[in-house]
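We number each residue from 1, following the sequence as shown. Here the structure is a predicted model, which is why all the values come from computation and not from measurement.
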Amino acid sequence: MDTKDSHINYVEFKAKDLEEVKEFYTASFDWTFTDYGPTYTAFSDSGLEGGFEKTGDEIVNGALVVLYHRNLDVIKNRIIKAGGKITKDIFSFPGGRRFHFADPSENELAVWSDK
C-alpha cells in the first residue's frame with residue numbers, strides 16, 4: 001500500500017500495563033503485537049495500524065491520531081500558518097520522525113515521516 005501525504009496513517013493509545021492490554025486485544029480481536037522496547041508496542045491485524053505507549057500518568061484522552069507526510073517541515077509550516085499550535089516539536093523515534101500539534105479546538109494530533 002502506498003503511504004499518502006496528509007492521510008490518517010496510525011493511531012496511538014496510552015496504556016498503564018502493556019502486557020495486560022496486549023492480552024486483552026489479542027484475546028478479544030486477534031490483534032498481533034511487536035514490542036519496541038519496554039514502553040511501546042505496535043499492533044497490526046486491526047484494520048489500521050497503531051500502538052500503545054506505556055504511561056504512569058492519568059489517561060484523559062488516550063488516543064492520538066497520527067497522519068503521514070513525507071516532508072515534516074513543509075506540513076509543520078502549513079499547520080502553523082493555518083492556526084495550529086505545535087505541542088511537541090519534531091523528534092526522532094525508531095522508524096522515523098514526528099511532531100505533535102493542536103488544532104484550533106485543542107485536539108492533539110501528530111504527523112510522522114519515514115523520510
*Asks:* Give the minimum heavy-atom separation between G50 and Y10, together with the two atoms involved.
*Replies:*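 For G50 and Y10, the tightest heavy-atom pair comes out as O-OH, 3.1 Å.
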*Asks:* Count I, L, V, M, F, W, Y as connected when their side-chain heavy atoms are under 4.5 Å apart, and connections chain through other members. Are F101 and I8 then in the same cluster?
*Replies:*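 Same hydrophobic cluster.
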*Asks:* What's the spacing between I75 CD1 and S6 OG if we round to 0.5 Å?
*Replies:*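 Separation between the atoms: 4.5 Å.
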*Asks:* For P104 and G83, work out which heavy atoms get closest and say how close.
*Replies:*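 Heavy atoms of P104 and G83 come nearest at CG-O, 4.4 Å.
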*Asks:* Counting only heavy atoms not in L48, do more than 12 sit closer than 6.0 Å to its CG atom?
*Replies:*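 Correct, the count exceeds 12.
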*Asks:* Would you mind reporting whether I90 and D73 have side-chain heavy atoms less than 4.5 Å apart?
*Replies:*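 They are in side-chain contact.
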*Asks:* Sequence neighbours left out, what passes ring-ring contact (aromatic ring centres under 6.0 Å, His included) with F43? Give chain and number order.
*Replies:*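 So F43 forms a ring-ring contact (aromatic ring centres under 6.0 Å, His included) with W31, F52.
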*Asks:* If you apply the rule side chain to side chain contact (heavy atoms under 4.5 Å, CB included), what do you find for L18 with Y40, and how did you get there?
*Replies:* CA-CA 8 Å; L18 292 181; Y40 199 87; 5.6 Å; no
*Asks:* Considering only residues two or more places apart or on different chains, which pairs with a residue in residues 74-88 satisfy salt bridge (charged side-chain N to carboxylate O under 4.0 Å, His left out)?
*Replies:*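 Sorted pair list: K76-D89, K85-E106.
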*Asks:* Under 3.5 Å, sequence neighbours excluded: what are the donor-acceptor pairs made by side chains of residues 32-39?
*Replies:*
residue : atom : partner : partner atom : Å
T32     : OG1  : S44     : OG           : 2.8
T32     : OG1  : D45     : OD2          : 2.8
D35     : OD1  : K22     : NZ           : 3.0
D35     : OD1  : T41     : OG1          : 2.9
D35     : OD2  : K22     : NZ           : 3.0

*Asks:* Between side-chain atoms of residues 107-114 and protein atoms elsewhere (two or more places apart, or another chain), which donor-acceptor pairs fall under 3.5 Å?
*Replies:*
residue : atom : partner : partner atom : Å
N107    : ND2  : D103    : OD1          : 3.4
N107    : ND2  : D103    : OD2          : 3.1
E108    : OE2  : T87     : OG1          : 2.8
E108    : OE2  : H100    : ND1          : 3.3
W112    : NE1  : N9      : OD1          : 2.8
S113    : OG   : H69     : O            : 3.2
S113    : OG   : R70     : O            : 3.1
S113    : OG   : K115    : N            : 3.0
D114    : OD1  : Y68     : OH           : 2.7

*Asks:* Sequence neighbours left out, what pairs pass side chain to side chain donor-acceptor pair (under 3.5 Å) with at least one residue falling in residues 46-59?
*Replies:*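 Every side chain to side chain donor-acceptor pair (under 3.5 Å) pair that includes a residue of residues 46-59, provided the two are not neighbours, is K14-E53.
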*Asks:* Can you hop from I80 to F99 via hydrophobic side chains spaced under 4.5 Å?
*Replies:*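 The answer is yes; both residues are in one hydrophobic cluster.
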*Asks:* Applying side chain to side chain donor-acceptor pair (under 3.5 Å), name anything that partners Y25, two or more places apart in sequence or on another chain.
*Replies:*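 With neighbours one apart ignored, the set is empty.
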*Asks:* Hey, are the side chains of R98 and F91 touching, using non-hydrogen atoms and a 4.5 Å cut-off?
*Replies:*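 Sidechains of F91 and R98: in contact.
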*Asks:* Would you check, one step at a time, whether the test side chain to side chain contact (heavy atoms under 4.5 Å, CB included) holds for I59 with K16?
*Replies:* CA-CA 8 Å; I59 299 173; K16 298 284 187 183; 4.2 Å; yes
*Asks:* Hydrophobic cluster membership, with links at side-chain heavy-atom distances under 4.5 Å among I/L/V/M/F/W/Y: are L64 and L72 in one?
*Replies:*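 In one cluster with L64: L72, no.
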